[in-house]
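A quick write-up on the structure given underneath.
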Amino acid sequence: MVAVCQWKQIPLAPPDSIFHLTVAYKADPSLQKINVGVGAYRDEDNKPWVLPVVKKATGILLNDPTLDHEYLSVTGLPEFGSAAAKLILGSNSHALAESRVVSVQTISGTGANHLGALFLSRFYQWNGPPVVGLSNPTWSNHDAIFKNVGITPVDYPYYNPATIGLDYNGFLAALRNAVPRSVFLLHACAHNPTGVDPTKKQWTAIADVMLEKGHYAFFDCAYQGFASGDLDQDAFAVRYFVERKVPLLICQSFSKNAGLYGERIGALHVVSSTAEEGARVDSQLSVLQRSEIGNPPSHGARLVSLILNDPDLFEEWNRDIKTMAQRIIAMRQELYHLLTKELKTPGSWEHIINQIGMFSFTGINPSQCQVLLAKAHIYLPTNGRISMAGLNSKNIRYFAESLDKAVRGTL
Amino acid sequence: MYSLRSSGRSLAPCWRLPSRSLSIWNHVPAGPPDPILGITEAFKADKDPRKINLGVGAYRDENGKPYVLPSVKAAEDRIYNAKADKEYLPITGLGELNKLAAKLAYGAESAPLLEGRIASTQSISGTGALRIGGAFLARHYPGVKTIYLPVPSWGNHTPLFRDSGLEVKGYRYLDKKTIGLDFAGLKEDLAAAPEKSIVLLHACAHNPTGVDPTPEQWAEISDIVKVSIQVSVSNARLFPFFDFAYQGFASGDTTRDAFALRYFVSQGHNIALAQSFAKNMGLYGERVGLFSVTTSSPEEKARVDSQIKILVRPLYSNPPLHGARIASTILADSLLSAQWEKEVKGMADRIISMRNELYNHLTHDLKTPGEWGHIKSQIGMFSFTGLTTPQAKALGEKAHIYMTSEGRISMAGLNSHNIKYFADSVDAAVRGTL
């Protein structure tokens with residue numbers, strides 16, 4: 001039987017840039033190789049780390065005779081959604097007290113971004129063609145997520161390569177110059193890929209302009225707890241904007257802060273003006289979710305719900321988060337020390353300790369990245385972003401020395 | 001560079017009003033409630049002890065309880081003890097699962113499987129598989145982007161395919177008079193569908209009717225879908241997309257339930273397939289499924305795989321881990337797999353015995369007016385009873401028995417404790433004496 005070329009016109013698509021790096025890393029036989037590509041936490045031995053509290057919660061679920069694998073409702077496990085909302089908004093949030101928050105369980109942060117974007121594409125009253133302001137740079141998947149639902153991404157200035165810091169004036173100017181009621185995607189904390197966050201004072205000014213212009217804030221929050229080690233501190237920007245009544249939604253991920261990457265657990269929270277309006281928004285989000293996934297996956301939701309709703313487990317989770325955040329901060333300090341004190345690498349390296357969260361924009365250029373890849377077996381994307389979690393006491397010296405040589409051009 | 005500049009048009013300054021920033025969603029209408037899920041809500045709110053939920057298609061045991069398959073429990077224990085990590089799966093999911101799920105559906109001897117020509121992705125259960133399939137066809141199918149659904153079909157098919165960008169039409173399926181297959185109508189409509197349209201086929205245990213074509217009828221359908229009885233199907237008239245949510249659940253035999261799709265593949269058709277493990281492994285909420293499409297060569301498979309990844313990444317990046325590991329653990333282990341097949345048969349057998357009992361009650365005990373043979377001849381979890389919408393409504397309101405307004409019941413909701421009450425109530429509804 002001759003099989004026929006049904007799909008002969010389909011071109012080969014380029015591989016996903018980030019996952020592709022990991023594939024290449026795995027195939028590399030070098031013993032010195034380092035993967036600072038994917039943003040997944042690694043422990044001191046460069047191993048994935050299942051949080052002790054997650055292990056505990058898993059055991060509890062497994063031994064609970066009342067649990068089954070039944071469908072969740074379309075918008076997910078209610079105890080998860082409400083606890084997740086409380087986590088990001090704070091338990092004394094007025095929006096929560098007034099039942100103005102619509103929470104939908106999603107397939108992690110990507111799913112929340114997609115559902116939020118889809119909802120906006122259907123229901124936002126656009127002032128002109130549908131457009132979203134994305135920081136330059138931003139997470140590599142944001143562009144495709146919005147384009148996929150018919151919203152055109154447009155850059156706003158964010159990162160200043162000259163200072164390896166925030167282009168604050170450029171950012172504010174973009175907000176001011178945009179047509180009223182524009183939509184802007186904001187990273188709640190631990191900006192991906194730069195690690196550069198606005199200060200509290202800067203967030204205040206950003207909120208001022210957004211209110212003046214009637215803009216909509218599309219918050220992406222994938223690192224709550226991971227930035228400073230403190231869940232409440234990392235929620236500052238979101239909570240401040242909610243209190244100031246900036247219209248907004250929040251995409252929330254538990255991939256990193258609970259180490260639940262593959263279980264795909266996240267939430268979309270849409271803050272409405274009244275509970276009644278929220279009910280209508282909820283019903284429409286339901287319709288959208290039903291026709292795409294039916295209902296969201298159960299296991300991750302049960303784990304997180306257990307952890308968030310049990311005071312002891314919640315405390316333990318806080319400790320596990322601090323373990324991760326502190327190891328990353330220690331790596332930042334160690335790298336900074338090696339570059340500035342020992343190797344005296346040309347350039348300024350303050351940004352390594354000033355930047356926040358899992359990622360650091362090293363400031364090296366694409367050809368220096370290529371050289372690290374080709375000569376030193378160090379895997380990072382060409383924008384110079386490194387995942388600090390890929391570093392540990394065993395490999396940090398080799399990394400620092402390689403980076404030093406790449407900067408000097410002697411690799 | 002950014003270009004969010006004001007266009008210079010004068011805008012009504014409604015955004016300056018103090019409350020403007022809060023009433024962003026004022027204009028959003030309430031969405032329509034999901035009819036099937038609404039039934040469960042009504043059931044939950046009902047306090048009558050005799051209440052029966054025959055709405056959602058989830059298996060229930062003899063005591064009306066959800067059933068966690070022992071093989072699933074065993075797999076979960078194994079996974080826990082293996083202390084596996086929680087790392088991201090690849091975009092197209094757990095490779096092991098994809099291989100084993102394809103083998104389960106297509107058969108170990110299937111040519112496209114053996115030749116490495118099946119492009120696939122783990123999906124968010126059957127719904128996700130259908131949706132990825134719909135999106136893939138909307139973007140890449142070189143033919144007519146219209147999908148023909150049987151009338152009736154699962155309620156979610158229409159919004160799902162429409163939202164993925166296909167036009168949705170119907171072909172005759174249920175003969176309301178006989179509550180059986182309108183085979184003549186089906187053949188006519190498929191023969192009349194424009195060349196290169198897409199046709200959705202329920203692989204077995206048609207939802208909602210339970211009415212399946214016979215093997216002989218499947219052979220005829222296959223011929224209509226081809227252009228001729230020639231060996232080459234380069235000009236296949238229609239593109240078959242199989243929805244396979246009940247493998248094992250229909251007859252109790254996973255091989256037998258795969259007959260239709262395997263027959264089509266053996267006849268040389270290129271197909272797309274949406275597989276679900278929600279029912280046959282009882283993994284409902286864990287969302288385990290597979291979308292696959294047969295291609296002509298490993299090279300073509302690679303191209304198709306790459307495009308499927310492009311579809312998945314901006315939707316949810318990669319699929320969930322837990323359910324995939326459970327399904328993969330079971331399918332990879334011959335003992336566990338054999339145990340699972342027995343458990344599926346157990347579920348199917350209990351449903352078949354409920355069908356027989358209900359038929360006997362109505363026909364022999366109660367002598368309920370009408371012909372009830374369809375209860376026995378229908379296959380799988382659902383039965384189209386033939387009850388009218390007013391009768392279904394009355395059953396809900398007066399007898400606290402919940403089914404869809406089209407009279408579809410989930411047989412799994414019946415058991416030896418409630419079947420007599422159900423039969424009595426149906427009898428009364430038909431006689432108008434409820």
Side-chain angles (χ1 to χ4, degrees), chain A residues 1-7 9-10 12-13 16 40 48 50 58 62 68-72 107 110-111 114 123 128 131 133 141 144-145 148 154-156 174 177-182 214 245 247 259-264 272-273 277 280-281 283-284 286-287 290-294 297-299, chain B residues 2-7 11 15 20-26 28-31 34 58 66 68 76 80 85-89 91 117 124-125 127-128 131 140 142 156 159-160 163 232-234 268 270 282-287 295-296 300 303-304 306-307 310 313-317 320-322:
Chain A
M1 188 79 48
V2 173
V4 178
C5 285
Q6 176 84 25
W7 307 108
Q9 79 295 347
I10 290 182
L12 185 69
D16 183 279
V50 177
T58 308
L62 200 62
D68 49 45
H69 296 287
E70 290 296 291
Y71 290 124
L72 293 181
I107 305 198
T110 306
H114 165 69
F123 293 104
V131 153
N141 204 15
I145 289 171
N148 201 32
V154 167
D155 283 350
Y156 62 83
N177 293 334
V179 296
R181 292 195 352 260
S182 293
K245 294 200 163 56
L260 286 174
Y261 309 94
E263 299 297 359
R264 316 311 290 128
S272 311
S273 59
E277 184 182 282
R280 284 183 275 118
V281 168
S283 70
Q284 294 294 353
S286 260
V287 169
R290 171 81 157 136
S291 94
E292 288 197 355
I293 64 167
S298 174
H299 190 63
Chain B
Y2 62 91
S3 57
L4 294 167
R5 310 193 75 80
S6 169
S7 65
L11 296 154
W15 51 272
R20 171 66 183 88
S21 63
L22 292 184
S23 296
I24 292 277
W25 307 116
N26 206 33
V28 174
D34 185 293
V68 176
E76 275 193 290
Y80 180 68
D85 61 44
K86 299 272 187 207
E87 292 297 287
Y88 290 124
L89 285 176
I91 297 173
R117 297 191 274 115
I124 313 292
S125 207
T127 304
R131 186 54 190 254
H140 297 294
N156 206 18
L160 183 154
D163 284 357
S232 161
V233 290
S234 59
N270 279 308
L283 287 175
Y284 308 95
E286 303 299 348
R287 318 309 288 131
T295 68
S296 63
E300 186 166 279
R303 283 185 282 114
V304 171
S306 73
Q307 293 295 343
I310 299 279
R313 178 64 160 144
L315 290 177
Y316 55 84
S317 285
L321 191 46
H322 191 64

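Letters go in sequence order (proteins before strands), and every chain restarts at 1.
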- Task: Sort B:Val68 into side chain, backbone, both or neither according to what part of it lies under 4.5 angstrom from a heavy atom of chain A.
- Result: side chain
- Decide yes or no on side-chain contact (heavy atoms from CB on, under 4.5 Å) for A:Glu292 and B:Asp163, but give the supporting numbers first. CA-CA 8 Å; A:Glu292 288 197 355; B:Asp163 284 357; over 6 Å; no
- For B:Gln307 and A:Ala13, which heavy atoms make the closest approach, and how far apart are they? NE2-CB, 3.5 Å
- Task: Pick whichever of A:Gly294, A:Ser286, A:Gly262 has the most heavy-atom pairs under 4.5 Å with chain B.
- Result: A:Gly262
- Note on the structure: Note: vs chain A, highest number of non-hydrogen pairs under 4.5 angstrom among B:Leu160, B:Leu283, B:Asn26, B:Leu89 is B:Asn26
- Item | Heavy-atom closest pair, residues A:Tyr71 and B:Arg287 | CE2-NH1, 3.4 Å
- Any side-chain heavy atom of A:Phe123 within less than 4.5 Å of one from B:Pro29? yes
- Backbone N/O of B:His140 and side chain of A:Gln9: donor-acceptor pair under 3.5 Å: yes
- Without swapping roles, check the side chain of B:Arg131 against the backbone of A:Ser291 for a donor-acceptor pair under 3.5 Å. yes
- Task: Examine distances only and state if a side-chain atom of B:Arg303 and a backbone atom of A:Ile10 form a donor-acceptor pair shorter than 3.5 Å.
- Result: yes
- Top contributor to chain A interface from B:Ile91, B:Val28, B:Val304 [non-hydrogen pairs under 4.5 Å]: B:Val28
- Note on the structure: Rounded to the nearest 0.5 Å, the CD1 atom of B:Ile24 sits from the CD atom of A:Glu277 at a distance of 8.5 Å
- Sequence neighbours excluded, which residues qualify as ring-ring contact (aromatic ring centres under 6.0 Å, His included) partners of A:His69? none
- Task: Using non-hydrogen atoms and a 4.5 Å limit, figure out which bit of B:Tyr80 sits close to chain A: side chain, backbone, both or neither.
- Result: side chain
- Message: Working to the nearest 0.5 angstrom, can you tell me the gap between A:Trp7 CH2 and B:Asn270 CG?
- Response: 8.0 Å
- Looking only at atom types and distance, does a side-chain atom of A:Asn141 sit under 3.5 Å from a main-chain N or O of B:Arg313, one as donor and one as acceptor? yes
- Task: Examine whether an atom of A:Arg280 lies under 4.5 Å from a heavy atom of chain B, and if so say whether it belongs to the side chain, the backbone or both; otherwise answer neither.
- Result: both
- Taking atom CG of A:Leu260 and atom OH of B:Tyr88, what is their separation to the nearest 0.5 Å? 10.5 Å
- Under 4.5 Å to a heavy atom of chain A? For B:Ile310 that would be side chain
- Item | Under 4.5 Å from any heavy atom of chain A - which part of B:Asn156 | side chain
- Message: Which one wins on heavy-atom pair count under 4.5 Å against chain B: A:Asp68, A:Val50, A:Val281, A:Leu62?
- Response: A:Leu62
- Query: Does A:His299 offer a backbone N or O that forms a donor-acceptor pair with the side chain of B:Glu286 under 3.5 Å?
  - Reply: yes
- Hey, which of B:Ser125, B:Pro142, B:Pro159 has the most heavy atom pairs under 4.5 Å with chain A? B:Pro142
- Message: Restricting to side-chain hydrogen bond (donor to acceptor under 3.5 Å, both in side chains), what partner residues turn up for B:Thr127, sequence neighbours left out?
- Response: none
- Item | Nearest heavy-atom neighbours spanning A:Ala40 and B:Glu87 | CB-OE1, 3.8 Å
- Query: Could you go step by step and tell me if A:Arg264 and B:Ser317 meet the side-chain contact (heavy atoms from CB on, under 4.5 Å) rule?
  - Reply: CA-CA 9 Å; A:Arg264 316 311 290 128; B:Ser317 285; 3.5 Å; yes
